[in-house]
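Heads up: numbering here begins at 1 and tracks the sequence.
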Amino acid sequence: MRTTQPIVIIEDDRDDQETLLEVMMELGVTRPLVFFADCDDAYQYLLTQKEKPFLIFCDINLPKVNGIELKRRIDADEWLRTLCIPFVFLTTSDNPTTVMEAYGITNLQGYFRKEHSLQKIKEQVKVILDYWSWALHPNGL
């Protein structure tokens, strides 16, 4: 598996970006990390990137376009869909209606409520990264 595949993180809150950066550093993640504060910029990156991302972490509540709409755009784009990029929500939004909407209208691979402590977030991220490192899927081949 290529460790040059970046991890894309779409998060508008600067403190949460810094937390995720710290978590990745503590976990010893060596993949490039690419941060975006909004979905439009992330979508344009996905359309033009040279290296297929390993994984996308995305918040739900984002300015302009929310995370669910971004995932719908990815699912609707034939080329992006064929990339099979694992996409998970890591968000503070745990509203059951939002969770149902996310799974009901997208091809979502995971929805996680962001924990409140650095240690718990670190545990969540580790589980997600470990899962996608071990899972056989077209993106990992």
Would you mind reporting whether [Y] and [X] have side-chain heavy atoms less than 4.5 Å apart?
{"X": "I74", "Y": "R81", "answer": "no"}
{"X": "F54", "Y": "S133", "answer": "yes"}
{"X": "L90", "Y": "Q124", "answer": "yes"}
{"X": "F57", "Y": "I128", "answer": "yes"}

Out of curiosity, [X] [atom1] to [Y] [atom2], how far, rounded to the nearest 0.5 Å?
{"X": "N66", "Y": "D38", "atom1": "CG", "atom2": "CG", "result": "12.0 Å"}
{"X": "F35", "Y": "I9", "atom1": "CZ", "atom2": "CD1", "result": "3.5 Å"}
{"X": "L27", "Y": "E123", "atom1": "CG", "atom2": "CD", "result": "10.0 Å"}
{"X": "L21", "Y": "R14", "atom1": "CG", "atom2": "CZ", "result": "8.5 Å"}
{"X": "I56", "Y": "I7", "atom1": "CD1", "atom2": "CD1", "result": "11.5 Å"}

What closest approach, in Å, do [X] and [Y] show between heavy atoms, and which atom pair accounts for it?
{"X": "V125", "Y": "M24", "result": "CG1-CE, 3.8 Å"}
{"X": "L62", "Y": "A37", "result": "CD2-O, 4.0 Å"}
{"X": "L46", "Y": "W79", "result": "O-CZ3, 3.4 Å"}
{"X": "I10", "Y": "A42", "result": "CD1-CB, 3.6 Å"}
{"X": "I68", "Y": "T106", "result": "O-CG2, 3.9 Å"}
{"X": "Y111", "Y": "Y103", "result": "N-OH, 3.0 Å"}

- Over 12 foreign heavy atoms within 6.0 Å of CZ, R73: yes

- Give a yes or no on whether a salt bridge exists between E11 and K114, defined as a side-chain N under 4.0 angstrom from a carboxylate O.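 Judged by the 4.0 Å cut-off on N to carboxylate O distance, E11 and K114 do form a salt bridge.
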
- Message: The criterion is side chain to side chain donor-acceptor pair (under 3.5 Å); which residues satisfy it with D75, sequence neighbours excluded?
- Response: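 By the side chain to side chain donor-acceptor pair (under 3.5 Å) rule, D75 matches K71.
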
- Query: Q109: what forms a side chain to side chain donor-acceptor pair (under 3.5 Å) with it, not counting sequence neighbours?
  - Reply: none

- List in chain and number order the residues that pass salt bridge (Lys or Arg N to Asp or Glu O under 4.0 Å) with D13, two or more places apart in sequence or in another chain; answer none if no residue qualifies. none

- Task: Report the C-alpha separation of F87 and L70 in whole Å, then their side-chain angles, then the decisive distance to 0.1 Å, and conclude whether the side chain to side chain contact (heavy atoms under 4.5 Å, CB included) test is met.
- Result: CA-CA 10 Å; F87 188 108; L70 170 64; 4.2 Å; yes

- Query: Hey, would you say the F89 and F112 ring centroids sit under 6.0 Å apart?
  - Reply: no

- Message: In this structure, would V127 and W134 fall into the same cluster of hydrophobic residues linked by side-chain contacts under 4.5 Å?
- Response: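 V127 and W134: separate clusters.
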
